[in-house]
> 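Structure provided below as structure tokens; questions to follow.
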Amino acid sequence: MDLSKVRNIGISAHIDSGKTTLSERILYYTGRIHKIEEVKGGGDGATMDHMELEQERGITITSAATSVSWGGNNSNHIKTPHHINLIDTPGHVDFTIEVERSLRVLDGAILVLCAVGGVQSQSLTVDRQMRRYNVPRLAFINKMDRTGANAKKVVAMMREKLNTDAVLMQLPIGAGETFEGCIDLVTMKALRFTGQQGEQVVEEDIPADMQAEAEEYRHAMLESLAMYDDELMELLLSEEEVPEELIHRVTKAAVQNQGFTPVYVGSAYKNKGVQPLLDAVVRYLPSPLERDVTARKVGDESQKIKLVPDPNAPFVGMAFKIVEDPYGQLTFMRVYQGTCKKGEMYVNQRTGRKERFSRIVRMHADDREEIDEAQAGDIVAVMGIDCATGETYAPERDFCTLESMFVPEPVIKVSVNPASRSDADKMGKALQRFRKEDPTFQVYNDEETGETIICGMGELHLDIYLERMRREYKVDVQAGAPKVSYREAPSQRVEFNYKHKKQTGGSGQYAHIVGELTPIDTEGEELFQFEEHIVGGRIPKQYIPAIEKGMRDSLGKGPLAEYPVVGVRIDLRDGSYHEVDSSERAFYICAQGCFRETMQKANPVLLEPIMKCEIECPEDYQGDVVGDVIRRRGIISSTDIRDGISYIIAEVPLAETFGYATDLRSMTKGQGTFTMELLKYQRCPSNVQEEIIAERKKRELAKA
């Protein structure tokens with residue numbers, strides 16, 4: 001397989017921007033399917049939304065992978081066939097881990113934006129994820145056939161909100177009901193999509209009334225590209241004709257440096273604009289050969305190993321998604337280096353366990369095609385191995401490990417109880433499976449109440465898992481009221497001088513630590529910092545890790561209401577030890593006692609999760625909706641009215657949002673929609689904090 005002809009791409013966007021509809025058209029135009037199905041309405045539902053729940057609700061819940069071929073017979077411009085591995089990801093923020101793990105292993109992406117909504121809250125999240133993994137992308141402004149569609153306004157929003165050099169590579173011909181096609185600003189041809197399903201791309205001369213506008217936008221495009229290339233800049237300054245080949249070459253380099261985002265327009269639902277987007281994927285997004293991937297040496301984090309996409313090098317692959325199916329665990333894997341063969345043994349770099357890859361399959365949504373081997377650049381699924389998300393496989397122990405993905409912390413909890421004892425076993429199996437499949441889904445037993453608690457990213461997230469338990473495992477479960485995951489944090493700096501001394505015959509325990517506890521900003525990803533400035537061997541070096549571990553292990557329960565502690569920096573400055581009685585255990589116990597005592601003195605406060613809510617409703621209901629948000633202790637960040645639709649962005653405490661979907665629907669006669677994602681943790685108002693602490697005490701008294 002020629003790796004320069006391979007593209008591994010994902011399709012990501014805000015919910016309801018038309019990702020799955022676009023994926024369906026890509027499958028149709030590449031000849032992968034022969035009949036288009038829609039996300040909502042009749043038929044069997046879209047190919048990539050293969051779960052029953054996805055088809056019922058009309059949303060994508062899990063990312064689905066497939067592979068297609070583009071070029072040769074089915075493209076006017078790409079002469080040689082290219083192999084594209086495609087992953088369609090969910091838009092709803094509750095399933096953000098699906099986007100996270102897909103982008104972790106992809107080489108490029110298509111960011112889909114709604115021509116009316118533009119850059120919405122989840123578009124910002126997806127943009128952050130793409131930047132986190134340095135994924136180059138193209139943008140596709142979809143739904144150009146909708147009333148109020150405005151591609152130029154969306155590009156302006158991208159430049160402002162996403163801080164990216166977004167430039168139109170096509171100019172739409174018409175908008176809304178008059179949308180007919182687009183003008184390619186590279187070839188300066190008008191493109192129209194004819195045939196029963198828009199499968200024929202017809203190139204025509206630009207309409208006379210749009211010639212001047214097209215020339216203006218082509219010049220703007222070339223000016224933007226000239227910032228990335230001196231040769232192009234010189235041609236522009238001397239007002240010479242710019243060759244098409246040079247435009248493609250400069251665009252590709254600019255996209256892969258992640259500074260430039262080419263923007264395409266179309267309507268996937270109306271079968272317009274998809275083929276030129278596929279041409280752009282092949283032309284501008286990187287092949288596995290053009291991506292730099294480094295791994296770390298096991299045992300020596302500082303030592304970097306460059307992985308080469310060479311089928312003859314030692315095999316290195318990463319398990320990025322796990323799905324249980326009736327035949328066992330299916331592990332989705334990206335092969336970064338070498339070749340893995342069916343029936344061969346490979347070593348899990350975290351556990352050191354050797355495992356046999358009993359079957360290797362290429363996925364097409366939920367269908368699979370058996371293959372004998374997978375080479376560098378492939379995305380496949382392996383059967384017969386038992387691993388967790390993010391683990392690395394290689395031919396021998398301690399070979400290398402790939403950096404795992406970022407996993408956001410869950411923000412909502414619900415207690416679940418089986419209706420009968422026979423259901424308890426089935427529920428246990430279901431929860432075990434879901435926890436393995438989804439790192440943002442957590443399960444634990446509440447020691448106080450004996451209940452099983454499930455934690456997730458939002459109400460919909462947990463609702464889907466409860467529904468899957470009922471359907472797939474036939475378990476009758478009763479769910480309690482949702483609970484918020486609060487956090488505790490210190491609010492003032494405190495110095496500590498803590499001594500742990502124990503003498504009970506034989507060797508005793510002695511440890512003494514001196515330092516300072518300081519509050520830190522809780523908005524970053526690092527919520528606990530430990531620094532030591534011990535001089536002159538006042539505490540031997542071998543005891544320092546035990547002190548840090550003691551402090552870290554104390555973060556689980558805070559002094560106010562036993563919620564996890566965040567936003568702490570410990571600065572260890574001094575202390576003392578005893579030649580005989582000091583040990584790692586003594587310093588560990590000392591650190592725990594010190595942390596408990598010092599946190600009490602640091603005037604701890606409760607933090608609550610604040611959600612960023614983006615609400616859309618008809619303009620007539622804006623007053624009611626805003627009033628309701630303020631009643632829920634929400635703060636309105638912005639309101640905007642476009643074509644009779646009001647777009648409201650607000651910050652609302654999670655505790656006040658339970659059941660909001662129903663309330664919003666009744667307030668707006670079923671026409672309001674909203675999306676929500678975790679924005680930050682913020683200090684609770686004192687009256688709310690007192691209520692939460694009082695509630696906790698009441699539960700403890702009831703238990704006693």
Side-chain angles (χ1 to χ4, degrees), residues 1-10 63-69 82-87 101-109 133-135 285-296 298 304-323 329-351 353-364 368-397 399-405:
M1 181 171 63
D2 179 358
L3 275 184
S4 67
K5 303 284 188 291
V6 173
R7 301 289 180 274
N8 291 315
I9 66 160
S63 50
T66 188
S67 52
V68 297
S69 178
H82 285 65
H83 182 81
I84 301 173
N85 290 313
L86 175 76
I87 297 182
R101 55 181 164 202
S102 300
L103 289 174
R104 170 65 186 82
V105 298
L106 292 168
D107 301 325
Y133 302 116
N134 301 320
V135 178
L285 291 180
S287 72
L289 295 170
E290 292 160 323
R291 291 278 281 164
D292 283 339
V293 180
T294 53
R296 296 193 300 250
V298 177
K304 294 275 198 297
I305 301 165
K306 190 171 187 309
L307 298 183
V308 287
D310 175 0
N312 300 316
F315 165 70
V316 177
M318 182 190 204
F320 68 94
K321 175 177 159 83
I322 285 153
V323 178
Q329 181 174 304
L330 198 61
T331 305
F332 283 77
M333 190 169 288
R334 163 76 196 259
V335 183
Y336 282 102
Q337 177 177 285
T339 304
C340 65
K341 296 182 177 172
K342 176 179 165 180
E344 296 281 314
M345 304 282 276
Y346 299 99
V347 180
N348 182 323
Q349 297 296 292
R350 186 181 65 85
T351 62
R353 206 168 54 231
K354 261 192 164 188
E355 295 184 70
R356 186 184 302 282
F357 286 19
S358 58
R359 283 167 69 198
I360 303 173
V361 295
R362 210 181 284 289
M363 297 300 293
H364 172 53
R368 54 196 70 174
E369 168 198 334
E370 295 264 352
I371 53 174
D372 292 330
E373 62 177 35
Q375 296 185 347
D378 269 338
I379 292 177
V380 292
V382 177
M383 300 194 73
I385 59 174
D386 182 20
C387 69
T389 301
E391 291 184 347
T392 307
Y393 278 85
E396 56 195 56
R397 281 188 73 139
F399 186 77
C400 72
T401 173
L402 285 150
E403 192 172 333
S404 196
M405 61 208 69

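All values derive from a computational prediction rather than experimental measurement.
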> Could you go through the side chain to side chain contact (heavy atoms under 4.5 Å, CB included) check for Ile385 and Met333 one step at a time?
CA-CA 11 Å; Ile385 59 174; Met333 190 169 288; 4.0 Å; yes

> Is a donor on one side and an acceptor on the other found under 3.5 Å between the side chain of Arg296 and the backbone of Thr401?
no

> Which residues pass the side-chain hydrogen bond (donor to acceptor under 3.5 Å, both in side chains) test with Arg7, sequence neighbours left out?
none

> Nearest 0.5 Å please: distance from the CD1 atom of Ile379 over to the OG1 atom of Thr66.
11.5 Å

> Heavy atoms only: give me the nearest Gly377-Leu3 pair and the separation to one decimal.
CA-CD2, 4.2 Å

> What are the two closest heavy atoms between Leu103 and Ala109, and how far apart are they?
CD2-CB, 4.1 Å

> Looking only at non-hydrogen atoms, find the nearest pair between Arg291 and Pro286 and report the distance.
CD-CG, 3.8 Å

> What is the minimum heavy-atom distance between Ile360 and Asp372, and which atoms define it?
CD1-O, 4.2 Å

> What residues form a ring-ring contact (aromatic ring centres under 6.0 Å, His included) with Tyr336, not counting sequence neighbours?
none

> If you define the side chain from C-beta out and look only at heavy atoms, does anything of Lys341 sit under 4.5 Å from Phe315?
no

> Is there side-chain contact between Gln329 and Asp386, with at least one heavy-atom pair below 4.5 Å?
yes

> Could you check whether any side-chain N or O of Thr392 sits under 3.5 Å from a backbone N or O of Gln349, counting only pairs where one atom can act as donor and the other as acceptor?
no

> Are Pro309 and Leu289 close enough that some pair of their side-chain heavy atoms sits under 4.5 Å apart?
yes

> Just to verify, which of Phe320, Tyr346, Phe357 counts as forming a ring-ring contact (aromatic ring centres under 6.0 Å, His included) with Tyr393?
Phe357

> Out of the candidates Asp378, Asp107, Asn85, only one should pair with Pro288 under the side-chain contact (heavy atoms from CB on, under 4.5 Å) rule; please name it.
Asp107

> Flag the pair Met383 / Leu330 as yes when at least one side-chain heavy-atom distance between them is below 4.5 Å, and no otherwise.
yes

> Which heavy atom of Thr339 sits nearest a heavy atom of Gln375, and at what distance?
OG1-CG, 3.7 Å

> Nearest 0.5 Å please: distance from the CD1 atom of Ile9 over to the CG atom of Leu285.
6.5 Å

> Determine whether Ser102 and Lys321 satisfy the following criterion, side chain to side chain contact (heavy atoms under 4.5 Å, CB included), listing intermediate values before the conclusion.
CA-CA 8 Å; Ser102 300; Lys321 175 177 159 83; 5.9 Å; no

> When rounded to the nearest 0.5 angstrom, what distance separates CD1 in Ile305 from CZ in Phe399?
6.5 Å

> Any side-chain heavy-atom pair from Gln337 and Pro314 closer than 4.5 angstrom?
yes

> Would Arg104 and Glu403 satisfy side chain to side chain contact (heavy atoms under 4.5 Å, CB included), going step by step from the backbone distance to the final call?
CA-CA 9 Å; Arg104 170 65 186 82; Glu403 192 172 333; 4.2 Å; yes

> Can you tell me how far OG of Ser67 sits from CD1 of Ile84, rounded to the nearest 0.5 angstrom?
10.0 Å

> Roughly how far, to the nearest 0.5 Å, is OG of Ser358 from CD of Glu344?
12.5 Å

> What pairs meet the salt bridge (Lys or Arg N to Asp or Glu O under 4.0 Å) rule with one or both residues in residues 306-317, with sequence neighbours excluded?
Asp292-Lys306

> How long is the span from the OG1 atom in Thr294 to the CG atom in Leu307, to the nearest 0.5 Å?
7.5 Å

> Give a yes or no on this: more than 12 heavy atoms of other residues, nucleotides or ligands lie within 6.0 Å of atom CD of Glu290.
yes

> Between Val316 and Val293, is any pair of side-chain heavy atoms under 4.5 Å apart?
no

> Please lay out, stage by stage, how Val335 and Glu373 fare under the test side chain to side chain contact (heavy atoms under 4.5 Å, CB included).
CA-CA 11 Å; Val335 183; Glu373 62 177 35; over 6 Å; no

> Between Val105 and Asn8, is any pair of side-chain heavy atoms under 4.5 Å apart?
no

